[in-house]
Amino acid sequence: TIKTEIMKTIRILSIIAVVLISLPGIAQDKKKETKEITIKSSVVCDMCKERVEHDMAFEKGVKAVSVDLKTKEITVTYRADKTDPDKLREAVSKIGYDADDVEADPKAYEKLPACCKKDAPPH
């Protein structure tokens with residue numbers, strides 16, 4: 001009957017409407033995807049750790065930063081739509097430390113305290 005056909009059409013249109021309404025939310029979640037990178041660095045002491053964790057926290061897209069002094073690794077959780085691994089390595093370099101194959105920025109490195117230089121004795 002016509003009434004049955006109308007009800008089927010309304011159901012189908014309702015399903016389509018729900019799908020269309022939820023699509024922007026799905027796309028938005030994808031944009032806010034977080035990733036993690038581990039960067040081998042030249043950090044040597046607690047001052048280095050504090051400096052890197054503090055300064056990297058202000059980088060665009062960075063959600064969390066952790067420095068492991070034993071392994072000399074910096075772990076960064078970041079939003080993939082805001083930054084990328086190359087920008088993060090460059091940011092570490094600008095703080096004065098090596099970041100994987102990116103050398104420390106010479107001017108930033110010179111400003112580091114003596115205990116934070118690569119050739120500083122363990123302390």
Side-chain angles (χ1 to χ4, degrees):
T1 68
I2 293 177
K3 191 173 184 179
T4 307
E5 291 299 318
I6 291 173
M7 293 304 289
K8 283 183 183 178
T9 305
I10 289 174
R11 248 185 246 135
I12 291 171
L13 289 174
S14 297
I15 291 169
I16 291 171
V18 168
V19 169
L20 290 176
I21 289 170
S22 65
L23 281 178
I26 293 168
Q28 193 173 21
D29 289 344
K30 185 102 172 157
K31 285 183 183 176
K32 292 184 178 179
E33 177 187 7
T34 57
K35 292 188 176 184
E36 188 175 279
I37 182 174
T38 301
I39 301 170
K40 193 71 173 162
S41 187
S42 57
V43 293
V44 293
C45 67
D46 284 329
M47 283 179 62
C48 298
K49 176 180 167 61
E50 288 176 24
R51 180 178 289 103
V52 170
E53 289 177 349
H54 176 269
D55 291 4
M56 288 298 290
F58 291 99
E59 285 298 313
K60 185 176 182 178
V62 171
K63 303 302 267 175
V65 182
S66 174
V67 176
D68 185 330
L69 292 174
K70 288 181 183 173
T71 61
K72 295 187 175 231
E73 291 177 338
I74 302 167
T75 303
V76 183
T77 305
Y78 64 96
R79 279 193 36 195
D81 63 318
K82 299 283 184 185
T83 191
D84 61 59
D86 289 337
K87 289 178 186 171
L88 296 171
R89 287 183 192 98
E90 190 64 31
V92 171
S93 169
K94 296 237 183 271
I95 299 170
Y97 300 96
D98 293 342
D100 289 335
D101 58 348
V102 179
E103 292 277 323
D105 178 89
K107 287 182 182 177
Y109 179 77
E110 284 305 312
K111 292 179 184 177
L112 292 177
C115 66
C116 294
K117 306 275 174 133
K118 296 177 207 179
D119 55 358
H123 53 281

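Starting from 1, each residue takes its place in the sequence as its number.
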Hydrophobic clustering (ILVMFWY, side-chain heavy atoms < 4.5 Å, transitive) - are [Y] and [X] grouped together?
{"X": "Tyr97", "Y": "Val62", "result": "yes"}
{"X": "Leu69", "Y": "Ile74", "result": "yes"}
{"X": "Ile37", "Y": "Val102", "result": "no"}
{"X": "Val67", "Y": "Val44", "result": "no"}

Measure the spacing between [atom1] of [X] and [atom2] of [Y] and express it to the nearest 0.5 Å.
{"X": "Glu53", "Y": "Asp46", "atom1": "CD", "atom2": "CG", "value": "9.5 Å"}
{"X": "Ser93", "Y": "Ile39", "atom1": "OG", "atom2": "CD1", "value": "10.5 Å"}
{"X": "Met56", "Y": "Ile95", "atom1": "CE", "atom2": "CD1", "value": "5.5 Å"}

TODO: Show your working on side-chain contact (heavy atoms from CB on, under 4.5 Å) between Thr75 and Asp68 and close with a plain yes or no.
DONE: CA-CA 8 Å; Thr75 303; Asp68 185 330; over 6 Å; no
Result block: side-chain N/O donor-acceptor pairs under 3.5 angstrom for residues 103-114, not counting sequence neighbours:
{"residue": "Asp105", "atom": "OD2", "partner": "Lys107", "partner atom": "N", "Å": "3.2"}
{"residue": "Asp105", "atom": "OD2", "partner": "Ala108", "partner atom": "N", "Å": "3.0"}
{"residue": "Tyr109", "atom": "OH", "partner": "Lys118", "partner atom": "N", "Å": "3.0"}

Task: Pairs meeting criterion salt bridge (Lys or Arg N to Asp or Glu O under 4.0 Å) with involvement of residues 87-97, two or more places apart - done: Asp86-Arg89, Arg89-Asp100, Glu90-Lys94
Task: Pairs involving residues 54-67, ordered by first then second residue, that meet side chain to side chain donor-acceptor pair (under 3.5 Å) (sequence neighbours left out) - done: none
Task: Heavy-atom check, side chain of Asp84 versus side chain of Lys35, under 4.5 Å - done: no
- [ ] Report yes if the side chains of Ser41 and Val92 come closer than 4.5 Å at any heavy-atom pair, otherwise no.
- [x] yes
